[in-house]
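To start, the structure itself, in structure tokens.
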Amino acid sequence: MEVYNTITRRKQTFQPREPGKVGIYVCGPTTYNYIHLGNARPMVFFDTVRRYLKYKGYDVTYVQNFTDMDDKIIKRAGEEGVNPLELAGKYISEYYQDADNLNVWRADKNPKVTEHIPEIIAMVDKLVQNGSAYVVDGDVYFEVRKFAGYGKLSGRSLEDMQAGARVDVDERKRDPMDFALWKSAKPGEPSWDSPWGQGRPGWHIECSAMSLKYLGSNFDIHGGGFDLIFPHHENEIAQSEAATGEPFVRYWMHNGFITVNEEKMSKSLGNFFLVRDILAKYPGELVRFFLLSTHYRSPLDFDDEKLTAAGRGLERIKTGLRLLAEALGKSQEEGETGITAEFSAVLDSLKSSFEAAMDDDFNTALAIGVIFDLIREVNTAVQRLGGKLSPADRAALLKAKELFISFNEVMGIFKVDQNTGEIILDNVPEDGTGLAEGLINLIIEVRQEARKKKDWASADRIRDGLKELGIILEDTPQGVRWKKQG
RNA sequence: GGCGACAUAGCCAAGUGGCUAAGGCAGAGGACUGCAAAUCCUCCAUUCCCCGGUUCAAAUCCGGGUGUCGCCUCCA
């Protein structure tokens with residue numbers, strides 16, 4: 001398996017620290033609001049990485065933090081007149097709701113800054129003790145000049161950065177690029193006791209302290225958005241390696257940005273989308289499918305038309321699965337098999353193609369292409385079946401179904417019933433009583449009687465009327481099939 | 001100013017030296033159908049932003065140009 005490593009700028013063969021085990025740390029959101037679309041890409045992508053590693057048989061430990069204490073949270077809490085911790089807590093639970101809708105599996109650990117203050121203080125203290133950091137008026141700064149490798153992730157030298165530095169020069173810092181490990185508290189801000197007085201952690205230190213706590217030095221994969229390469233991850237490397245004296249991370253992975261109308265999403269441009277708002281209009285599975293349909297390192301432009309086009313593609317997959325389920329529901333008859341002998345071999349080659357795609361730096365776009373190939377094979381096979389299903393046909397279709405389920409276990413583009421392992425196609429209106437389903441079946445019966453009498457006007461009127469209500473009818477040689485739209 | 005990414009059909013998007021440039025959406029024709037829908041089949045880039053170069057061979061490598069985007073400041 002090949003993984004593109006940001007720090008070496010090339011694909012490398014993936015070799016975990018310990019055979020068979022993988023530790024992943026992904027930088028999670030700062031919980032001062034509902035998550036936005038830009039948060040969703042790393043969530044979905046790294047969830048897919050995790051799922052694929054599990055598919056490959058690795059024992060994966062997946063850690064994603066919540067930044068539940070920082071300037072933005074304090075500011076927002078002040079505006080709303082609530083306690084910052086309460087605000088963060090609220091948006092953490094809202095995060096889970098969105099993540100669940102995107103079929104993002106729960107992390108093994110979701111460490112929070114506020115629950116790791118002792119670890120953070122210990123790490124800062126270590127850096128002060130070993131001369132990597134210095135204390136000024138209750139603030140603690142990391143001294144970048146003391147870390148020889150500073151800039152190795154982002155590929156820039158300190159000299160380059162000085163030239164273009166736009167940061168305010170704080171005269172107390174020994175170098176403009178020195179960054180805060182610990183910030184002294186201003187009046188009224190949340191703070192904790194420390195050897196340097198009341199204060200709170202700087203932004204970068206939390207991820208170092210928490211990833212090292214749960215995964216140890218030299219852990220396998222550290223992920224996040226491109227924008228985190230500098231300064232966040234650069235600083236993480238500096239402070240972590242200065243503290244432990246060991247390599248911090250084996251593979252750095254960064255996802256590309258989401259743009260809207262070809263521009264970076266930002267509040268000032270008015271093209272800022274919250275996941276919550278998108279999920280009100282589109283299913284989470286579609287958003288996930290859309291996010292995975294482009295390679296993770298490429299930029300991805302979002303708009304309604306693109307999402308709608310993706311939705312038609314996803315619908316095609318769903319239709320294939322419905323046809324497959326329907327075919328498997330047929331009673332078995334002896335006789336000649338309708339499915340060709342090569343079918344099973346084709347399935348095997350699709351499985352190989354899927355794995356080859358994912359092995360090549362998690363090429364989800366290519367893997368989705370394989371899923372479409374599988375669906376076409378299934379549709380063709382089902383069509384050849386006619387009305388019959390021999391035991392051999394059944395075995396062949398079951399193999400196709402199992403293959404799809406295993407692909408979906410990686411991609412997560414359909415919800416799965418936790419008890420049965422079946423894909424949930426969700427095409428039947430649910431009202432809890434079965435009334436809707438019963439009424440629809442009754443109407444269809446009436447329409448069938450009209451069709452027998454060649455009363456096409458009535459039949460078409462019923463079909464059109466149901467369509468307006470979101471029920472799609474399809475007449476087939478084997479009878480009428482219906483589904484909920486979308 | 002410094003650093004970097006990208007440019008493939010109407011749209012989205014794989015592909016980084018060599019068979020017919022994946023796949024999806026849209027579109028055209030055909031099979032099926034009372035008509036639709038769904039599905040299947042066929043077609044839809046002699047060509048990969050432009051100009052040079054390397055090579056037996058380049059969308060893929062090199063140089064130059066043009067364009068778009070991003071990071072350098074909180075940001076996924």
- Item | Distance in angstrom units between A:Ile471 CD1 and B:A36 P, rounded | 23 Å
- Query: When all nucleic acid strands are considered with a 4.0 Å heavy-atom cut-off, which category describes A:Gly225: base, sugar-phosphate, or nothing?
  - Reply: sugar-phosphate
- By a strict heavy-atom criterion of less than 4.0 Å, which residues belonging to residues 354-368 of chain A are in contact with RNA chain B? A:Asn363, A:Ala365, A:Leu366
- Cation-pi geometry met for A:Arg41 and A:Tyr296 (6.0 Å, 45°): no
- Tell me whether the guanidinium CZ or amine NZ of A:Arg106 lies under 6.0 angstrom from the six-membered ring centre of A:Tyr96 and within 45° of its axis. yes
- Separation of atom CG in A:Leu473 from atom C1' in B:U39, rounded to whole Å: 17 Å
- Earlier contact from the 5' end, RNA chain B, for A:Phe290 and A:Phe226: A:Phe290
- Query: Looking across every strand, which nucleic acid part, if any, lies under 4.0 Å from A:Thr259 by heavy atom: base, sugar-phosphate, or nothing?
  - Reply: nothing
- Message: Pick the closest RNA chain B nucleotide for A:Thr308 and for A:Arg297 by heavy atoms, then say which residue is nearer the 5' end.
- Response: A:Arg297
- Message: What's A:Arg312 touching, base or sugar-phosphate or nothing? Going by heavy atoms closer than 4.0 Å.
- Response: sugar-phosphate
- Item | Flag if over 12 foreign heavy atoms under 6.0 Å of NZ, A:Lys109 | no
- Reckon A:Leu37 touches a base, only the sugar-phosphate, or nothing at all at heavy-atom distances under 4.0 Å? nothing
- Query: Just checking A:Lys72: base, sugar-phosphate only, or nothing, at a heavy-atom cut-off of under 4.0 Å?
  - Reply: sugar-phosphate
- Message: Can you identify which nucleotide, out of B:C35, B:C71, B:U39, has its nearest atom closest to the A:Asp475 side chain?
- Response: B:C35
- Message: Within the structure provided, determine whether A:Arg322 and A:Val382 are in side-chain contact (heavy-atom separation under 4.5 Å).
- Response: no
- Item | Heavy-atom donor-acceptor pair, A:Arg463 side-chain to B:A36 base, under 3.5 Å | yes
- Message: If I take atom CZ in residue A:Arg322 and atom P in nucleotide B:A37, what distance separates them, rounded to the nearest angstrom?
- Response: 15 Å
- Message: For the C1' atoms, the ones on B:G64 and on B:U54, what distance do you get once it is rounded to whole angstrom?
- Response: 15 Å
- Gap between atoms CZ and C1', on A:Phe230 and B:G2 respectively (whole Å): 12 Å
- Message: Measuring from the side chain of A:His36 (C-beta onward, heavy atoms only), which nucleotide among B:C75, B:C25, B:A38 has the closest atom?
- Response: B:C75
- Task: Looking only at side-chain atoms of A:Thr294, point me to the closest of B:A76, B:G23, B:A14.
- Result: B:A14
- Just compare B:G34, B:C12, B:A76 and give me whichever is closest to any side-chain atom of A:Lys306. B:C12
- Query: Counting any heavy atom closer than 4.0 Å, what does A:Ile35 reach on the DNA or RNA strands: base, sugar-phosphate only, or nothing?
  - Reply: nothing
- Query: For B:G24, does OP1 or OP2 lie under 4.0 Å from any side-chain N or O of A:Arg376?
  - Reply: yes
- Query: Counting only N and O atoms by type, is there a donor-acceptor contact under 3.5 Å from the side chain of A:Glu285 to the main-chain atoms of A:Phe414?
  - Reply: no
- Could you tell me the separation between the CG atom of A:Asp301 and the C1' atom of B:A7, rounded to a whole number of Å? 14 Å
- Query: What integer number of Å spans the C1' atoms of B:G63 and B:U73?
  - Reply: 35 Å
- Selected nucleotide, minimal atom distance to A:Arg316 side chain, candidates B:C71, B:G24, B:G23: B:G24
- Task: Could you check which of B:G34, B:A76, B:U39 has an atom nearest any side-chain atom of A:Ala459?
- Result: B:G34
- Message: Is it true that, when you exclude A:Glu468 itself, more than 12 heavy atoms of the residues, nucleotides or ligands shown sit nearer than 6.0 Å to its CD?
- Response: no
- Does a sphere of radius 6.0 Å around CZ in A:Arg172 hold more than 12 heavy atoms from other residues, nucleotides or ligands, not counting ones at 6.0 Å or beyond? yes
- Task: Look at the aromatic rings of A:Tyr55 and A:Tyr52 and report parallel, tilted or perpendicular, splitting at 30° and 60°.
- Result: parallel
- For B:A45, give its Watson-Crick or G-U wobble partner with both distances under 3.5 Å, or none. none
- Taking CG from A:Leu291 and P from B:A13, how many angstroms apart are they, rounded to a whole number? 13 Å
- Write down the distance separating the P atoms in B:A36 and B:C43, rounded off to the nearest Å. 24 Å
- Item | d(CZ, A:Arg451; P, B:C35) in whole Å | 11 Å
- Message: Base, sugar-phosphate or nothing for A:Arg461? Non-hydrogen atoms, less than 4.0 Å.
- Response: nothing
- Is there a donor on the side chain of A:Asp70 or the base of B:C74 sitting less than 3.5 Å from an acceptor on the other? no
- Query: If only side-chain N and O atoms of A:Asn379 are considered, is one of them under 4.0 Å from the OP1 or OP2 phosphate oxygen of B:C40?
  - Reply: yes
- Figure out the NE2/C1' separation between A:His254 and B:G4, and round it to whole Å. 14 Å
- So which nucleotide from B:A14, B:C71, B:G34 ends up closest to the side chain of A:Asp460? B:G34
- Residue pairs involving residues 297-310 of chain A (criterion side-chain hydrogen bond (donor to acceptor under 3.5 Å, both in side chains); sequence neighbours excluded): A:Thr259-A:Asp301, A:Lys281-A:Asp304, A:Tyr282-A:Asp304, A:Arg297-A:Asp361, A:Asp301-A:Lys306
- Touch check for A:Phe372, heavy atoms < 4.0 angstrom, all strands: base, sugar-phosphate only, or nothing? sugar-phosphate
- Message: Below the 4.0 Å mark, does B:C75 have OP1 or OP2 next to a side-chain nitrogen or oxygen of A:Trp203?
- Response: yes
- Hits for side-chain hydrogen bond (donor to acceptor under 3.5 Å, both in side chains) against A:Asn379, two or more places apart or cross-chain, chain-then-number order -> none
